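Here is the structure we will look at.
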Amino acid sequence: MKKEEQKEKKKRNYAINTSIIAICTVIVLSLFMTASTDGETEQKIEQAEKTASPELTRTIITENESKASITEVASSNGWTTIKYEGFEGAFPNDWVLFGNPTWDVDDYRPYTGNFSGWCAKGKSMGVDPASNDYLNDMNAWMVYGPFNLSDAEDARVTFYHWTKTEFGYDSFYYLASIDGENFSGWRVSGNWSLWEQTTFDLSDYYGEPQVWLAFIFQSDSNNTDNGTFLDEILVEKYIPPGQTLQVSVSETPDPVTSGGTSQVTVHVTSSADGSPVQGANVTVSVTGGSITPTSGTTDSNGDFKPTYHAPTVTSTQTYTISATASKTGYNPGSGNDTITVNPDGATVVMIDPSTQTVLPEGSFTVNVTVDPAVPIAGVQFDLSFNASLISANSVTEGNLLKQGGANTYFSPGTIDNAAGTITGVAGAITKPGATVSLPGNFAAVSFTAGTTEGTSPLALSNLIVGDVNGNLASITLNDGSVTVGPICLGDVNGDGQVNVLDMILVGQHWGETGTTPGWIPEDVNKDRVINVLDLIVIGQNWGPCA
């Protein structure tokens, strides 16, 4: 009873970084008979108790924060090796060790090769397992991490251990954590005096950007034995092969003033499900101006955000920002976007959005926006477009000149859908002395797309911007365009996803025929017939649009 009382007394909470470690382990009790080395028969027990307060007292995360990034090695079958330890080379390499004695390499009992790891070999109190058992009152830790499982669909640790301890009092643990403080996993105690291969399932940690792994050996103040030997440790994660990194590039603001700056956002997602990819290596370049920094890694939102520095220009210039992304387990991807640099001191008149894609026969609106460099009182423009692709419906006044509650005069101009023009759109403030200096939407133009696919320019001309004295303001002009066609191949309903909703629309037009290729969006392959070939194209492009 005295030993049992001591055991109960020792069940107390210990802090890691002033936190209680909660070991939430699955209860497993496996009883079976094996032969011991001396030929006697004894009961061999693996015990993984649910323990509220094991004796684990070390700070992990603070000693591990400055570690170099982990190098992952991908195989062709989707499994990526995060860490392999065979104890044949330099040790502890990137393991973090605690306790004295603690884990170290020894040649007494390898599973394979010439060496294995033993729980009581390391540091000043370490002993030789050939002639010594482990010591009393041990608390030896061997910790690896953090490593990234945010992109994993499966993960595991496999290893071999040889363990012989005082059953129930001295134990070997293998545990994991998402914060370097609170660990959970399995406890092994008793006679395991044959090498055992063990798999530690890390399914509880899928999606976590930081995970730590710990091997721990603890002993109480009475009775010792041979302890635990470790060999052939392999930490792996599974990323389905064939995934490709999708890269998009955007800037805020765009356009940017000569010599100014804009934040660039490179967004990286997986082609499998469109989810953001953390830890992708991104490189960015630009055809004019500069980017800082030019490389980095994506955050938990899949974003890398460098800064664009615009050059000094005397006329409006457009430059291309390009980004490439790579990560182990994925096919690399790339993307680009253009950014406009306007000369300093010029009022900017632009089509907004500058580009868009609409479905055949779909309705859409473009705005003519103005960003004044000086106070202004009136605007005039003409707009041209490809009449074979789109037709104009109406022009309505926006909020630009009405800021501050001013009265205005507005003429919607004349629409000529045969010529593809809107002429004489004009507006002015009718309150004497009133001006506007803040950007706004001068006019909204409503269009309808035709049935023919293609890209129409949206070109401004005869543009006049005047101040309160009737003087012309210096102008920078940014035209736009609109593309008529599917958002992406197979996206019949234009929602940015190729899925069963698009299949339903094809089914609703099954067997119909047309006189021109792609006469309706459901004619996905443009062969004038709605049939199984259109469904095949949808299936081949399944998922989010790139």
Side-chain angles (χ1 to χ4, degrees), residues 249-256 315-321 336-343 346-372 376 378-401 410-427 439-465 473-488 494 496 518 521:
V249 181
S250 60
E251 307 82 26
T252 303
D254 180 19
V256 63
S315 61
T316 298
Q317 302 293 326
T318 300
Y319 302 107
T320 300
I321 298 176
N336 62 72
D337 192 32
T338 58
I339 187 168
T340 300
V341 181
N342 293 317
T347 292
V348 179
V349 182
M350 64 183 295
I351 299 294
D352 180 37
S354 59
T355 61
Q356 61 178 308
T357 300
V358 299
L359 290 172
E361 300 183 305
S363 298
F364 64 98
T365 299
V366 297
N367 298 312
V368 179
T369 64
V370 180
D371 186 358
I376 63 171
V379 180
Q380 174 184 316
F381 72 85
D382 295 344
L383 179 67
S384 61
F385 53 91
N386 187 334
S388 68
L389 298 176
I390 61 176
S391 60
N393 302 319
S394 63
V395 181
T396 57
E397 185 179 9
N399 65 351
L400 173 71
L401 301 179
F410 184 79
S411 170
T414 302
I415 296 174
D416 185 345
N417 280 319
T421 60
I422 304 173
T423 56
V425 180
N441 176 26
F442 172 60
V445 185
S446 171
F447 288 94
T448 298
T451 58
T452 304
E453 295 183 8
T455 299
S456 169
L458 298 170
L460 293 165
S461 61
N462 296 323
L463 183 61
I464 297 173
V465 177
S474 176
I475 300 170
T476 294
L477 174 62
N478 296 319
D479 293 328
S481 65
V482 59
T483 298
V484 179
I487 304 301
C488 64

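None of the values given here were measured: they were computed from a predicted structure.
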Rounded to the nearest 0.5 Å, how far apart are [atom1] of [X] and [atom2] of [Y]?
X	Y	atom1	atom2	result
Asn478	Ile475	CG	CD1	12.0 Å
Ile415	Ser391	CD1	OG	9.0 Å
Leu389	Ser481	CG	OG	11.0 Å
Leu477	Asp479	CG	CG	4.5 Å
Thr423	Gln380	OG1	CD	9.5 Å

Starting from the C-alpha separation in whole Å, work towards a yes-or-no answer on side chain to side chain contact (heavy atoms under 4.5 Å, CB included) for Val379 and Val349. CA-CA 10 Å; Val379 180; Val349 182; 5.5 Å; no
As a test of understanding, state which of Val370, Asn342, Val368, Thr369 forms a side-chain contact (heavy atoms from CB on, under 4.5 Å) with Met350. Thr369
Pick out which of Val465, Val425, Asn367 makes a side-chain contact (heavy atoms from CB on, under 4.5 Å) with Phe442. Val425
Please report the closest heavy-atom contact between [X] and [Y], naming both atoms and the distance.
X	Y	answer
Leu400	Pro439	CD1-C, 4.2 Å
Asn417	Ala387	O-CB, 3.0 Å
Ile422	Pro412	CG2-O, 4.2 Å
Pro255	Val348	CG-CG1, 4.2 Å
Thr347	Ala473	OG1-CB, 4.3 Å

Listed partners of Glu251 passing side chain to side chain donor-acceptor pair (under 3.5 Å), at least two apart: none
Applying side-chain hydrogen bond (donor to acceptor under 3.5 Å, both in side chains), run through Asp337 and Thr320 and close with a yes or a no. CA-CA 6 Å; Asp337 192 32; Thr320 300; over 6 Å; no
For Asn399 and Asn441, what are the C-alpha separation, side-chain angles and deciding distance, and is it a side-chain hydrogen bond (donor to acceptor under 3.5 Å, both in side chains)? CA-CA 6 Å; Asn399 65 351; Asn441 176 26; 5.4 Å; no
Going by ring pair (Phe, Tyr, Trp, His ring centres under 6.0 Å), name the residues that satisfy it together with Phe447, two or more places apart in sequence or in a different chain. Phe364, Phe385
Please test Ile339 against Asp254 for side chain to side chain contact (heavy atoms under 4.5 Å, CB included), starting from the C-alpha separation and ending with a verdict. CA-CA 6 Å; Ile339 187 168; Asp254 180 19; 3.5 Å; yes
Residues Leu383, Ile351; criterion side chain to side chain contact (heavy atoms under 4.5 Å, CB included); working and verdict: CA-CA 10 Å; Leu383 179 67; Ile351 299 294; 4.1 Å; yes
Can you give each donor-acceptor pair under 3.5 Å made by side-chain atoms of residues 449-464, sequence neighbours left out, with the distance rounded to 0.1 Å?
unit_1	atom_1	unit_2	atom_2	d
Thr455	OG1	Thr483	OG1	2.9
Ser456	OG	Asn386	N	2.9
Asn462	ND2	Asp382	OD2	2.4

Taking atom types as modelled and ignoring hydrogens, do the side chains of Asn393 and Thr448 form a donor-acceptor contact shorter than 3.5 angstrom? yes
Under the criterion side chain to side chain contact (heavy atoms under 4.5 Å, CB included), I'd like the reasoning laid out for Tyr319 against Thr340: C-alpha separation, chi angles, the key distance, then a yes or no. CA-CA 6 Å; Tyr319 302 107; Thr340 300; over 6 Å; no
